[in-house]
Amino acid sequence: MNKTIYDLRKLILLSLAIGSVFWQCTSSEGKDVWQLEMDAFINDLLGKMTLEEKAGQLTLYTSGWTVTGPELREDYKEEMVAGRAGNLFNAHTVSYARELQRIAVEETRLGIPLLFGLDVIHGYKTTFPIPLAESCSWDLELIENSARLSAKEAASAGINWTFNPMVDVARDPRWGRVAEGAGEDTYLTSLIGVAKVRGYQGADLADPTTILACVKHFAAYGAAQAGRDYHTVDMSDRVLRETYLPPYKAALDAGATTFMTSFNELDGIPASGNRYLMTDILRGEWGFKGFVVTDYTAINEMVAHGVVANEKEAAELAFNAGVEMDMQGGLYSKYLPDLVAEGKVERKRLDDAVRKILKMKYKLGLFQDPYRYLSEERETSTLHSDELMQAVLESARESIVLLKNERVGSKPLLPISKEVKSIALIGPLADNQKDLLGTWHVAGDASKVVTVKQGIEQLVPQAKIQYAEGVGFTGKDQKKMEKAVEVARKSEVVIMVLGENYQQSGEAASRSALGLPGHQQGLLKAIQALGKPLILLTMSGRPLTLSWEQANIPAILHCWHLGTMAGQAIAETLFGDNNPSGKLTMTFPRNVGQVPIYYNMKNTGRPFDDKNKYTSKYIDVSNEPLYVFGHGLSYAEFEYSDLTLSNSELTAGSTIEISANVRNSSQVPGEEIVQLYLCDVVGSVTRPVKELRGFRKIKLAGGEKKRVTFGLKENDLRFYTRSMEFRAEPGKFKVFVGSSSNAELKGEFVLTSDPLNE
Ligand code: BGC
């Protein structure tokens with residue numbers, strides 16, 4: 001190991017020990033001492049670094065995997081040893097990461113440890129439901145816990161940085177990446193982003209079970225035109241600030257340490273070269289102190305965008321816009337030293353950028369012990385731990401959304417009686433492991449996935465289960481179809497598991513048609529024609545168009561991609577051991593022509609009127625979606641009544657309380673997500689017809705009634721006014737409380753005085 005850095009480290013360890021004594025005496029003094037030590041250490045280190053080594057700290061490369069396991073490209077290894085690559089991603093498992101860290105610490109001139117990044121999006125090896133699914137739980141505690149446990153598992157395998165949370169508000173289900181986010185609503189996406197940052201980063205980064213969070217994709221990636229991935233984004237500053245930016249800001253305020261740029265352009269400037277986003281807003285307005293990494297080769301892509309003539313100009317544009325780290329493009333390492341020498345990039349700015357990355361390594365404790373994430377013992381005891389498996393199961397249960405449950409005879413079709421004698425189980429997702437992991441399952445272990453078939457077999461062992469795939473995700477095989485129909489004909493109940501495979505959503509998986517892929521609907525129609533009790537389980541990474549299914553199938557459970565414990569959660573739901581409580585966080589359209597469709601639209605000057613042709617509507621489809629935002633049924637039934645407001649007026653500084661009764665009118669215990677929506681009736685600019693402003697998830701025993709109360713303050717009423725001030729305007733507001741965005745209980749109040757003039 002290099003002598004200088006080794007001595008320096010010993011010195012630091014000593015001063016850290018001294019620092020911790022101070023810390024115990026007085027925490028603020030201790031913090032100052034710790035801060036001073038960190039600054040001194042980093043300044044000292046910076047003083048020793050060459051321009052090339054500095055650019056190296058701003059460089060991130062991917063590791064690859066071969067059949068025999070992980071492998072780093074030879075040229076990246078050379079770059080690393082030369083100090084020109086200071087960070088890696090996709091390099092996980094302790095034994096592999098340890099060797100790479102050893103090279104960084106022992107074979108580079110300055111021995112600076114590596115950061116190890118990974119897309120821990122919904123788990124590491126143990127896979128939670130895809131984020132869009134989990135958002136349907138509306139359970140912030142559960143979501144924070146999923147992130148906490150995923151961080152623990154990934155950290156045990158050498159990872160100290162996740163590229164998550166993804167908080168891109170998305171209103172176009174054609175875009176495959178809706179699977180990675182929390183749906184169409186700004187308020188809910190913000191809360192979920194906060195929960196995830198807390199989960200990943202925990203209370204203290206020095207704890208080696210925590211990992212850095214990375215808020216992405218900054219900004220407005222979810223608004224890609226026509227739902228086509230990587231496509232142009234163009235919107236007003238008002239829409240940007242009101243709808244798209246708040247979740248990034250909320251995640252930052254929750255302590256997020258890093259940000260990732262998005263692939264898209266915004267107002268003609270690609271995000272990775274966009275000074276307005278990276279410097280003016282993120283640093284200037286929001287005070288972000290961490291570092292920004294680009295998305296994968298996004299700096300290089302600015303040449304294709306056509307805002308720079310070559311890659312060197314791209315590096316200059318990105319760096320000067322406020323982007324510290326280059327993911328995979330290799331351009332910072334190639335061009336920054338020359339750009340500094342030529343005076344196109346200020347030396348001080350380069351030092352500031354490097355300082356930010358070194359600080360993060362310091363805060364993670366990597367200078368103290370570069371191997372603190374690299375314990376094989378910890379890895380073995382953490383992977384697939386019981387705690388993880390239990391949490392994944394609970395999350396899967398809460399993510400399932402009951403779309404429809406019609407009565408067949410005197411009872412709803414679901415749940416199925418455990419006395420059932422024979423079940424036909426049909427479809428490409430019925431006995432499938434890998435696809436149930438969903439998109440971005442990185443190290444997810446398919447062999448551990450409980451299939452739907454296994455789940456049912458375990459729960460109702462006495463039932464005869466006959467399985468037939470029927471069709472695949474593409475193409476069709478007449479013989480297989482016939483077999484499936486035959487199996488269905490012979491069974492008492494038919495369960496079909498249809499939808500998308502794991503590659504049909506996620507990055508670079510935009511779709512122009514949103515029905516069941518391939519010939520699955522044809523198979524469904526053939527089996528529905530038999531007239532048997534038929535339950536449809538749909539799986540996907542996005543909302544689907546299920547108009548025919550809604551009209552013709554008595555019971556539909558939307559199961560997304562639920563991860564490792566999918567089959568068990570689904571079986572429990574089918575047979576009533578789990579009462580579904582999920583509510584959609586994205587609107588399901590009737591057809592693709594309605595897209596983009598979301599609940600908080602504007603009214604227009606000609607709101608829908610079926611008696612007047614010249615109002616805002618289609619001539620061939622209703623304005624209403626198939627399933628609205630917030631929709632989700634239960635085996636219990638909930639009645640809403642008695643909405644009251646504590647006051648008819650709200651003044652700045654006070655709170656208005658909105659209360660309603662919710663009664664479980666059935667005998668079955670259940671959970672309900674009670675939702676509060678707000679509408680600003682007259683504004684200096686037009687306002688959405690309603691906006692989510694609160695929700696509560698409550699448990700109600702059969703026959704039980706609870707009164708649910710929400711509080712609203714003046715700051716919950718704020719928006720960007722005509723002059724782009726963020727404030728509430730006095731006037732009339734309506735509130736709605738109910739079980740979906742079609743909430744029917746209604747009240748109103750007046751915001752009395754202009755808070756700014758008080
Ligand atoms: C994706 C990011 C991801 C990165 C690293 C990109 O293609 O857009 O979301 O974090 O790859 O894997």
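Counting convention: from 1, in listed order, for ligands and their atoms alike.
Counting heavy atoms under 4.0 Å from ligand 1, residue Gln328 does not touch it at all. By the criterion of a heavy-atom distance under 4.0 Å, neither the backbone nor the side chain of Met166 is placed next to ligand 1. Looking at Tyr230 against ligand 1, nothing comes within 4.0 Å, counting heavy atoms.
Shortest contact from atom 5 (C) of ligand 1 to any protein heavy atom: Asp119 OD2, 3.2 Å.
With respect to Arg355 and Asp352, a salt bridge is recorded, a charged nitrogen being found less than 4.0 Å from a carboxylate O.
In this structure, Arg171 satisfies the cation-pi test against Tyr598, with its NZ or CZ atom closer than 6.0 Å to the six-membered ring centre and inside 45 degrees of the ring normal.
Between Asp295 and ligand 1, a contact under 3.5 Å exists for at least one N or O pair. Of the polar atoms of His217, at least one N or O is found under 3.5 Å from an N or O of ligand 1, judged by distance alone. Residue Glu180 has no nitrogen or oxygen atom sitting less than 3.5 Å from a nitrogen or oxygen atom of ligand 1, judged on distance alone. For ligand 1, the polar-atom distance check finds an N/O of Glu507 within less than 3.5 Å of one of the ligand's N/O atoms.
Side-chain atoms of Trp65 and Glu71 include no donor-acceptor pair closer than 3.5 Å. A donor-acceptor contact under 3.5 angstrom links the side chains of Glu507 and Tyr230, judged on distance only. Between the side chains of Lys361 and Gln57, a donor-acceptor pair is found at a separation under 3.5 Å. Judged purely by distance below 3.5 Å, without hydrogens or angles, the side chains of His441 and Thr127 never pair a donor atom with an acceptor atom. Inspection of the Thr258 and Trp161 side chains reveals an N or O donor paired with an N or O acceptor under 3.5 Å.
Within the 4.5 Å cutoff, the side chain of Asp168 has heavy atoms near those of the Tyr248 side chain.
When each atom of ligand 1 is checked for a heavy atom of Phe89 under 4.0 Å away, the hits are 5 (C), 12 (O). Every atom of ligand 1 with a heavy atom of Phe163 under 4.0 Å away is listed here by number and element: 10 (O). Near Lys216, meaning under 4.0 Å from any of its heavy atoms, are these atoms of ligand 1: 2 (C), 3 (C), 9 (O), 10 (O).
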